[in-house]
Amino acid sequence: MPDTINLLPDSLANQIAAGEVIQRPASAVKELLENAVDAGAAEIRLVVHDAGKALIQVTDNGSGMSEIDARMCFERHATSKISQVDDLFHIRTMGFRGEALASIAAVAQVELRTKREQDESGTYIEIENSQVIKQEPVATTTGTCIAMKNLFFSVPARRNFLKSNAAEMRHIIDEFLRVALAFPQLFFSFTSNNQQVFHLERGTLKQRVVQILGNQYTSKLVTVHENTDYLNIHGFVGKPDTAKKTRGDQYLFVNNRFIKSAYLNHAVMSAYQQLIPSDSFPLYVLFIDLDPQQVDVNVHPTKQEIKFEDEKIVYAFVQAAVKHALAQHSITPTLDFDLDAGIQQLEAVSKPFTEQDKAAAASSPLYSSFSKANQAHFIETDKSELRHWKEFYEPASQPTNSPTQQREQPAPAFNSLLSATYQSQPLQLDETADLVQLLNTYILVPSPAGYLLLHQQAAHERILYERYASAVQSQGMAVQNSLFPLTLRLSAQDAALFNELITDLNLLGYSIEPFGNNDFVIQGTPADLDQGNEKQVIESMLEQYKHFSPDLKFSKREKLVRSLAGQHALKAGKRLTQREMHLLVQELFQCDTPNATITGNPTYLEFKKDQLDKMFGR
Ligand code: ADP
Ligand code: MG
């Protein structure tokens, strides 16, 4: 038997590799524009014909290449941007993999003209199927002009996969705009089939955004700007009324590199919660800059996906920065500053700067560079009580989680703040003990090891949520028929929505029937609910239902149950009797997850004697 393993010829290897980097004309556009940026060009011109299928040409006035480099640049893994492993962690250029030109040369006919400032004449090179077919000196200006013709001419299968010209053009425009937005200090032009598509004079970011999106946006942009020692965020978000029904103008850059991140997109979207309808998308152009060591851009061939050393922190910063910006521009005076509950609970976010933490974190490069003054998320509001409680509670001995540990345990992080006993064994509470209600909001509950401080509204929300969730699964809840049925009149949209919810609402103890013309009759309400403001409860429930973020993939039923639990829960500020308090505590600890609300906030905090002793220096 002959041996069967061959080494692929370079041209074939390059063609295979090209499949990853150059998927369509737009990918080549991106790579060529980025090379021009990396070459320090001040002016970059893009020309395409036939949506890039016939020609893509990028001309820049950057550094140019020497004769040798002009030939070298088409070799695979040929790059001037990194030379050793360590460089991978300090990348400041757009490119570094040394694959783009090799890939392009494998799948198109390429002509390169390039000249350095110090050279008399430049170099002209023609390449086909990765083979140099012509090389000669040429008279040209400083910089580089690279033209690729007949993309995929040698790979008909790939060529046939290309979409219509209109579709490919859209991709090209997307890539062009991403680079143009990231570098407003550079001039860009874009010509397609001899017609000018964009002519972008250099200017500020705001000018660039307006050049691209249109003048009508001048007064519609809110500046985002937060600097911290760990990362900076700057850019613009659209005022809520610019939100569109289609996800369009949303740009996120990390160290000037456009990236796609559903996670960080969610951070921005969540900052708009309750400001825009849940099915619309705000405009944003945001730049996150941080130490290149904190990101890995080498996880994806086209570098559009990156990995953060600590994604949760970035999420929290982005969300807080956008909220802050929107609030500062008094778009919403009632804006709730709380960070996303799950994030807020993270020690790193909720309190990275107690003295103990500072010491404990000193060894971690990630945290050691924070400074309190500059924390974007450190926004003081009257809603920050919770954080103070936690700080107060925080035992001195608690080990600081390393970033890695946090990534591996994304579970509601505040669990770690609470004693593990409640997760593992049922709570032993003295049922005869007198409970104390504080501020008509908190209930102080003695526990064997110390005491609990329970938030009555949070606790009741949890109780109702679990009760409703099981009711819709099973036989439903008892109805209390109203002596005087009420009519509810809704808008056409709300009525349509409401109609879809009636079956589930009936399971939840509401007896409701459509009455034509967007009217409904409420004939009964859940037996355990005080009657009197049914209408208002239903209207608020609908409102809350509508405002669930589209990113939360809840079923209709889940949204309904959550909204209803929120609406029906007894409120903070309500005075409770001993009996009511005992009932609440008892029901809470019968829940499957007694320690958190549905949104991840704690329902109670535990204070233990030994921790209290420590705080008192005993
Ligand atoms: P990478 O950008 O990852 O280094 P490329 O294949 O895109 O890899 O380019 C290879 C090399 O060719 C670059 O590192 C750079 O030195 C050189 N080069 C490419 N385009 C240009 C340009 N427009 N001007 C000057 N040098 C360039
Ligand atoms: Mg490159």
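Numbering of ligands and ligand atoms starts at 1, following listing order.
- In terms of polar-atom proximity, Gly64 is not counted as a contact of ligand 1, lacking any N or O under 3.5 Å from an N or O of the ligand.
- The contact set between ligand 1 and Met65, taken as ligand atoms under 4.0 Å from a residue heavy atom, comprises 17 (C), 18 (N), 21 (C), 25 (C), 26 (N), 27 (C).
- Using modelled atom types, no side-chain atom of Arg113 and backbone atom of Ile146 make a donor-acceptor pair closer than 3.5 Å.
- Remark: minimum distance from atom 2 (O) of ligand 1 to any protein heavy atom is reached at Lys81 NZ, 2.7 Å.
- For ligand 1, the atoms lying closer than 4.0 Å to a non-hydrogen atom of Ala39 are 22 (C), 24 (N), 25 (C).
- Looking only at distances, no side-chain donor or acceptor of Lys206 sits under 3.5 Å from a matching main-chain atom of Val210.
- Within ligand 1, counting atoms from 1 as listed, the ones closer than 4.0 Å to a heavy atom of Phe96 are 1 (P), 3 (O).
- Interface atoms of ligand 1 facing Gly95, defined by a heavy-atom separation under 4.0 Å, are 2 (O), 3 (O).
- Asp310 contributes a side-chain N or O that, together with a main-chain N or O of Ile313, makes up a donor-acceptor pair within less than 3.5 Å.
- Taking the ring axis of Phe258 as reference, the NZ or CZ atom of Arg178 stays within 45° of it and closer than 6.0 Å to the ring centre.
- Between Met169 and Ser164 the shortest side-chain heavy-atom distance does not fall below 4.5 Å.
- Taking a cut-off of under 4.0 Å to the non-hydrogen atoms of Thr79, the atoms of ligand 1 that pass are 1 (P), 4 (O), 14 (O).
- Distances from the Mg ion (ligand 2) under 2.8 Å pick out these protein N/O/S atoms: Asn35 OD1.
- Side chain of Asp289 to main chain of Leu231: no donor-acceptor pair is present (N/O by atom type, distance under 3.5 Å, no hydrogens or angles).
- Of the protein's heavy atoms, Asp60 OD2, 2.9 Å lies nearest to atom 23 (N) of ligand 1.
- With hydrogens and angles ignored, the 3.5 Å screen pairs no side-chain donor or acceptor of Arg45 with any backbone N or O of Cys145.
- For atom 12 (O) of ligand 1, the closest heavy atom belonging to the protein is Cys73 CB, 3.2 Å.
- Looking only at protein heavy atoms, the nearest one to atom 10 (C) of ligand 1 is Ala78 O, 3.2 Å.
- Enclosure of atom CG in Leu7 is not indicated, since only 12 or fewer non-hydrogen atoms of other residues, nucleotides or ligands lie within 6.0 angstrom.
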Verdict with reasoning, Tyr284 to Phe236, per ring-ring contact (aromatic ring centres under 6.0 Å, His included)
CA-CA 6 Å; Tyr284 61 84; Phe236 297 96; over 10 Å; no
Chi angles and distances behind the side chain to side chain contact (heavy atoms under 4.5 Å, CB included) call for Leu46, Thr191:
CA-CA 6 Å; Leu46 167 66; Thr191 309; over 6 Å; no
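- Remark: minimum distance from atom 22 (C) of ligand 1 to any protein heavy atom is reached at Thr144 OG1, 3.7 Å.
- Side-chain contact, Ser270 with Gln319: a donor N or O sits under 3.5 Å from an acceptor N or O.
- Atom numbering of ligand 1 starts at 1 in the shown order; those under 4.0 Å from a heavy atom of Ser63 are 25 (C).
- Atom 16 (O) of ligand 1 has as its closest protein heavy atom Ser80 OG, 2.5 Å.
- The shortest contact between atom 6 (O) of ligand 1 and any protein heavy atom is with Leu101 N, 2.9 Å.
- Using modelled atom types, no side-chain atom of Glu43 and backbone atom of Phe187 make a donor-acceptor pair closer than 3.5 Å.
- Among protein heavy atoms, atom 8 (O) of ligand 1 sits closest to Gly98 CA, 3.1 Å.
- Interface of Ala100 with ligand 1, defined as ligand atoms under 4.0 Å from a residue heavy atom, comprises 6 (O), 7 (O).
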Take Phe176 and Leu200, measure what side chain to side chain contact (heavy atoms under 4.5 Å, CB included) needs, and give me the verdict at the end.
CA-CA 11 Å; Phe176 174 82; Leu200 304 173; 3.9 Å; yes
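- Side chains of Gln109 and Asn150: a donor on one and an acceptor on the other come within 3.5 Å.
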